There are 2 protein chains.
Amino acid sequence: MPKATNQDLKKMLRDHELKATSQRIALLKLLNNTYKHFDAEELYLELHKRQKNVSRATIYRSLEALVDQELVNKLDFGDGRMRYECSRGGDDHHDHLICEQCGKIVEFLNIEIEAQQLAVCEENGFLPTTHTMYIFGICADCRNLESEPEIG
Amino acid sequence: MPKATNQDLKKMLRDHELKATSQRIALLKLLNNTYKHFDAEELYLELHKRQKNVSRATIYRSLEALVDQELVNKLDFGDGRMRYECSRGGDDHHDHLICEQCGKIVEFLNIEIEAQQLAVCEENGFLPTTHTMYIFGICADCRNLESEPEIG
DNA sequence: TGCGTAAATGAGAATCATTCTTATTTTCAT
DNA sequence: ATGAAAATAAGAATGATTCTCATTTACGCA
């Protein structure tokens with residue numbers, strides 16, 4: 001898809017009842033144009049690199065607002081800091097494989113798992129709002145490296 | 001099952017190459033005899049209530065050792081602090097439903113989900129080590145309360 | 001187009017869970 | 001019983017995130 005223009009992002013914010021500040025536009029642009037899972041500090045540094053001196057407090061506050069509006073997803077990989085990825089429209093739900101060696105993240109969606117989750121909720125009279133599922137392990141690339149013969 | 005005696009716990013620790021200190025025994029006893037998901041501060045306060053004045057640092061270090069030895073499971077419900085539950089032997093894997101209203105936790109195991117997770121890993125050449133799955137929502141009890149008629 | 005107000009921001013202090021440091025105490029093999 | 005290696009206590013340090021409050025900005029309305 002084409003990169004979003006500032007006007008697009010401005011509209012996106014206003015459509016979600018968020019004021020279109022330059023800080024939020026810069027943040028959203030970064031998340032939309034770079035397909036990556038950022039943590040707050042990476043966003044802070046990346047914005048400064050681009051001469052957008054957004055404060056850390058604003059980054060956290062803006063991310064919270066964007067997550068509330070489902071423009072951004074917040075991910076918890078269990079290492080003590082949250083990651084953020086842009087949400088790609090209505091039904092972009094997916095889960096993650098996380099390589100413990102190189103940190104690579106692979107997204108996946110398994111219909112059967114999603115269906116079984118709903119079944120479990122139903123059995124328990126539980127009304128689900130969200131769920132998180134992360135599978136940790138060693139990715140294909142890192143496994144190959146491991147089995148590579150030593151360079152003599 | 002009968003409550004574990006101090007001797008049982010001592011053996012359990014030594015069987016896992018851990019020195020049997022009074023602090024670790026107290027911690028393990030608490031986790032084994034109370035079927036509950038504790039966070040570190042709750043463990044600290046509970047132990048002090050029982051006249052076992054274990055320091056916070058020791059609680060964290062002991063929990064780390066117990067988790068390494070798979071005597072205890074570490075859970076991340078995404079609210080900024082870790083929870084700990086005793087592991088009930090070899091294959092006690094289970095996932096969690098978490099009520100966002102009352103905090104209640106229901107454990108479940110769904111064979112089909114487990115199988116599909118392995119299938120996803122296989123498709124991606126991914127070697128899984130662990131996974132976490134938490135479903136957040138409103139539990140049956142809280143839903144009933146919500147629909148309860150007002151008391152006039 | 002300019003104004004006023006409510007909302008957003010910046011800077012750094014505060015918080016909270018967790019980890020680290022160092023002196024002291026304890027465990028346990030011998 | 002003894003001593004070396006490991007564990008502990010107490011509180012300082014850390015790191016991610018949230019809060020405070022003075023200042024700035026967005027934007028509906030005139």
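A note on names: the letters A, B, ... follow the listed sequences, proteins ahead of strands, and every chain is numbered from 1. In this text, all values refer to a predicted model and were calculated from it rather than measured experimentally.
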> B:T21 side chain N/O closer than 4.0 Å to the phosphate oxygens (OP1, OP2) of D:dT8?
Replying inline: yes
> Tell me: NZ of A:K52 to P of D:dT25, nearest whole Å?
Replying inline: 14 Å
> In whole angstroms, how far is the C1' atom of D:dC27 from the CZ atom of A:R14?
Replying inline: 8 Å
>> Distance check needed: C:dT18 C1' versus B:E42 CD, whole Å only.
In response: 16 Å
> Looking across every strand, which nucleic acid part, if any, lies under 4.0 Å from B:R24 by heavy atom: base, sugar-phosphate, or nothing?
Replying inline: sugar-phosphate
>> Applying side-chain hydrogen bond (donor to acceptor under 3.5 Å, both in side chains), can you list everything that pairs with B:S55, at least two apart in sequence or on another chain?
In response: B:T58
>> Can you measure B:N53 atom CG to C:dT26 atom P for me and round it to whole angstrom units?
In response: 14 Å
> B:R56 side chain N/O closer than 4.0 Å to the phosphate oxygens (OP1, OP2) of C:dT19?
Replying inline: no
> So, for A:H94 and A:L109, which heavy atoms are closest and what is the spacing to 0.1 Å?
Replying inline: CA-CD1, 4.4 Å
>> Once you apply a heavy-atom cut-off of 4.0 Å, does B:D39 come out as touching a base, just sugar-phosphate, or nothing?
In response: nothing
> Between D:dA10 and B:S55, is there an OP1 or OP2 to side-chain N/O distance shorter than 4.0 Å?
Replying inline: no
> B:E41 CD to C:dT18 C1': how many Å, rounded?
Replying inline: 11 Å
>> Without decimals, in angstroms, what is the distance between A:L75 CG and D:dA16 P?
In response: 17 Å
>> Give me the atom names and distance for the closest heavy-atom approach of B:L75 to B:Y134.
In response: CA-OH, 3.5 Å
>> Can you tell me if B:Q23 touches the phosphate of C:dT26, counting only side-chain N or O atoms and a distance under 4.0 Å to OP1 or OP2?
In response: no
>> Can you work out whether B:K74 or A:S62 has the more 5'-proximal nearest nucleotide on DNA chain C?
In response: A:S62
>> Assess whether a salt bridge exists between A:K49 and A:E46, defined as any Lys/Arg side-chain N lying under 4.0 Å from an Asp/Glu carboxylate O.
In response: yes
>> Please check: side-chain N/O of A:S87 versus main-chain N/O of A:N73, any donor-acceptor pairing under 3.5 Å?
In response: no
>> OP1 or OP2 of D:dT18 versus the side-chain N and O atoms of A:Y60: is any pair under 4.0 Å?
In response: no
> How long is the line joining CG of A:L66 and P of C:dA8, in whole Å?
Replying inline: 12 Å
>> Regarding D:dA9, can its base be found pairing with the side chain of B:R61 as donor and acceptor, where the two atoms are less than 3.5 Å apart?
In response: yes
> Taking the side chain of A:K19 as its heavy atoms from C-beta onward, which of C:dG10, C:dA6, D:dA9 lies nearest to it?
Replying inline: C:dA6
> Quick one: is B:R81 getting a side-chain N or O under 4.0 Å of the C:dT18 phosphate, OP1 or OP2?
Replying inline: no
> What's the CD1-P distance between A:I25 and C:dT9, to the nearest Å?
Replying inline: 10 Å
